S.K.: 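Below you'll find the structure I mean.
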Amino acid sequence: MKFADLGLSPEVLKAVEETGYESPTPIQEKAIPYVLMGRDVLGTAQTGTGKTASFTLPMIDILASGQAKARMPRSLILEPTRELAAQVADNFENYGKYSKLSMALLIGGMSFSDQDAKLDKGVDVLIATPGRLLDHVERGKVLLNGVKTLVIDEADRMMDMGFIPDVERIVSLLPPLRQTLFFSATMSKEMRKLADMFLLNPKEVAVSLPTSTAATVTQGLLMVQKSEKRPALRKLLQQEKVKNAFIFCNRKKDVDILLGSLTKHGFNAGGLHGDMSQSHRMETLDKFKSGEIKLLVCSDVAARGIDVSSVSHVFNFDVPTHSEDYIHRIGRTGRAGQEGHAYTIVTKSETKYLDGIQKLVGRELPIITLEGMEEVVKEGAAISEREKKPGRGPRRGQRRSDEGASSAKSAQKETAPDEKKQSSRPSKKYEKNAEKGNNDRSSRSHHANDEPDTPVIGLGENIPAFFKIPLRKSAGK
DNA sequence: AAAAAAT
């Protein structure tokens, strides 16, 4: 089967050819003819199966005839995360380069004015996350009654994230006479019920078991103590032939901590989670895709659908509590039949989640051993030793930078001791402010001197002037 | 228990 047999236009075929693809994937082969016919499609497929192109390619042809009116997009694609939305936009841009299409990407964290300008000119394709789209709708910047093709992508994730009410509201604004494509990685009863609400006599297409992990991915578990996690990960990173890797944490806070630790130890790493600024998120992801950054420490925002070609490793720094997330996370590696490696670091308290995971992947995962585990144990012991006895010595300082102040041995080996002090000081941004505060104070010194000079605890020496304004008694405790 | 998404 070739792309040319699917009924796509020469413009689209040319763009596909230039990207080097020759044969459609199973989902593309099954879905594209029906999408071109104008049928509704209920698709069960994970990302990495070529799902995105299975709707972008035919949509480009469907939209080729006709013209968009101002603020009335002709098609709408809903995605659960900003990264996925951006990825779909890239896809359109790439395959639509010979078919003049206008497109707008409506996601949070980016300026309204650019998005408004595009909407005003009229767009053929609108790609959006639900929140930002509704924002535009409420401000009257976009009318959805001209949408003839709707794509609900990653519907199961939308459900997990509580987006369904938003999606329902959006769909209620659409004309009932339209084509709808509904994709989900899993097809539970709940999903079917939801699909029934949105679809009319859909053609069902499914590829590969949703719970299957690629056979080319080598998996393993590494059992350690809690305090040994970071040293163990470093050892793993050194021992494995890591070209590039996703490193998943369960919490955003831990992403920050681990990223700091890895960077301190000289690893080329970046971080990605939902509390980072959108520009930073995009920049980091681009750098990771281009290979400028080798390790991406991330939350589950990156677990699904993010498509980075040839990722050699996935490390679970924490065991995912939802077993499906395990499948999604390790699905970042071993894509398109390539080899991949997925290692999960497990502590005693996390073993309870392993059962569900092993049931889902249908086998027991092998426990791997680490060369030089003695060293890891030693480092781990040093870390936990200090965490147990914060009473000795100056409490605050020591507690703060956990492993930064880890065993003297490892610190000497890999890090300059000075760096640690810096890390527990306020960020540069604050230091700048503090300087300003200082100058301010000196220029109006009589003011500051009028106040009783109560020491401010925990801010070091550079205290912004306004912090020294005396507080009411109630706040002072 | 946490992450994602609108500010």
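Everything numeric in this text was worked out from a predicted model, so none of it was measured. Order of the sequence lines fixes the chain letters, A, B, ..., with proteins taken first and strands second; residue numbering starts at 1 for each chain.
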S.K.: Applying side-chain contact (heavy atoms from CB on, under 4.5 Å), name anything that partners A/Asp90, two or more places apart in sequence or on another chain.
M.R.: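 Per chain and number, A/Asp90 pairs via side-chain contact (heavy atoms from CB on, under 4.5 Å) with no residue.
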
S.K.: For A/Thr129, answer base if it contacts any base atom (sugar-phosphate contacts may also be present), sugar-phosphate if it contacts only those atoms, and nothing otherwise; contact means non-hydrogen atoms under 4.0 Å.
M.R.: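 The residue A/Thr129 makes sugar-phosphate contact but no base contact.
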
S.K.: Mind checking A/Arg139 for me? I need base, sugar-phosphate or nothing, with any heavy atom below 4.0 Å counting as a touch.
M.R.: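 No contact at all - A/Arg139 keeps every heavy atom at 4.0 Å or more from the nucleic acid.
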
S.K.: Have a look at A/His273 and say if it touches a base, only the backbone sugar-phosphate, or nothing, with a 4.0 Å heavy-atom cut-off.
M.R.: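 A/His273: backbone/sugar contact only, no base atoms under 4.0 Å.
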
S.K.: Is A/Asp300 touching bases, backbone alone, or none of the nucleic acid, heavy atoms closer than 4.0 Å?
M.R.: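 Since no nucleic acid heavy atom lies under 4.0 Å of A/Asp300, the category is nothing.
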
S.K.: Got a list of side-chain donor-acceptor pairs under 3.5 Å for residues 108-116 of chain A, not counting sequence neighbours?
M.R.:
unit_1: A/Ser111; atom_1: OG; unit_2: A/Ser113; atom_2: OG; d: 3.3
unit_1: A/Ser111; atom_1: OG; unit_2: A/Asp114; atom_2: N; d: 3.4
unit_1: A/Gln115; atom_1: OE1; unit_2: A/Arg132; atom_2: NH1; d: 3.1
unit_1: A/Gln115; atom_1: OE1; unit_2: A/His136; atom_2: NE2; d: 2.8
unit_1: A/Gln115; atom_1: NE2; unit_2: A/Leu105; atom_2: O; d: 3.4
unit_1: A/Gln115; atom_1: NE2; unit_2: A/Ile107; atom_2: O; d: 3.2
unit_1: A/Asp116; atom_1: OD1; unit_2: A/His136; atom_2: ND1; d: 3.2
unit_1: A/Asp116; atom_1: OD1; unit_2: A/Arg139; atom_2: NH2; d: 3.3
unit_1: A/Asp116; atom_1: OD2; unit_2: A/Arg139; atom_2: NH2; d: 3.4

S.K.: On DNA chain B, reading 5' to 3', which nucleotide is the first and which the last to sit with an atom under 4.0 Å from a heavy atom of chain A, could you check?
M.R.: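 Range of nucleotides within reach of chain A: B/dA1 to B/dT7.
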
S.K.: According to the ring-ring contact (aromatic ring centres under 6.0 Å, His included) rule, which pairs have a member within residues 143-186 of chain A, sequence neighbours left out?
M.R.: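 Pairs touching residues 143-186 of chain A that pass the test: A/Phe55-A/Phe183.
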
S.K.: Could you work out, with side-chain contact (heavy atoms from CB on, under 4.5 Å) as the rule, every residue matching A/Asn244, not counting sequence neighbours?
M.R.: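 Expected list: A/Phe288, A/Val311, A/Ser312.
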
S.K.: Base, sugar-phosphate alone, or nothing: which one does A/Gly162 contact when heavy atoms must sit under 4.0 Å apart?
M.R.: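 Nothing, no nucleic acid heavy atom in range.
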
S.K.: According to the side chain to side chain donor-acceptor pair (under 3.5 Å) rule, which pairs have a member within residues 190-199 of chain A, sequence neighbours left out?
M.R.: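 Those involving residues 190-199 of chain A are A/Arg192-A/Glu204.
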
S.K.: Looking at A/Leu272 and A/Ala302, what are the two nearest heavy atoms and their distance?
M.R.: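 Where A/Leu272 meets A/Ala302 most closely, the heavy atoms are CD2-CB, 4.0 Å.
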
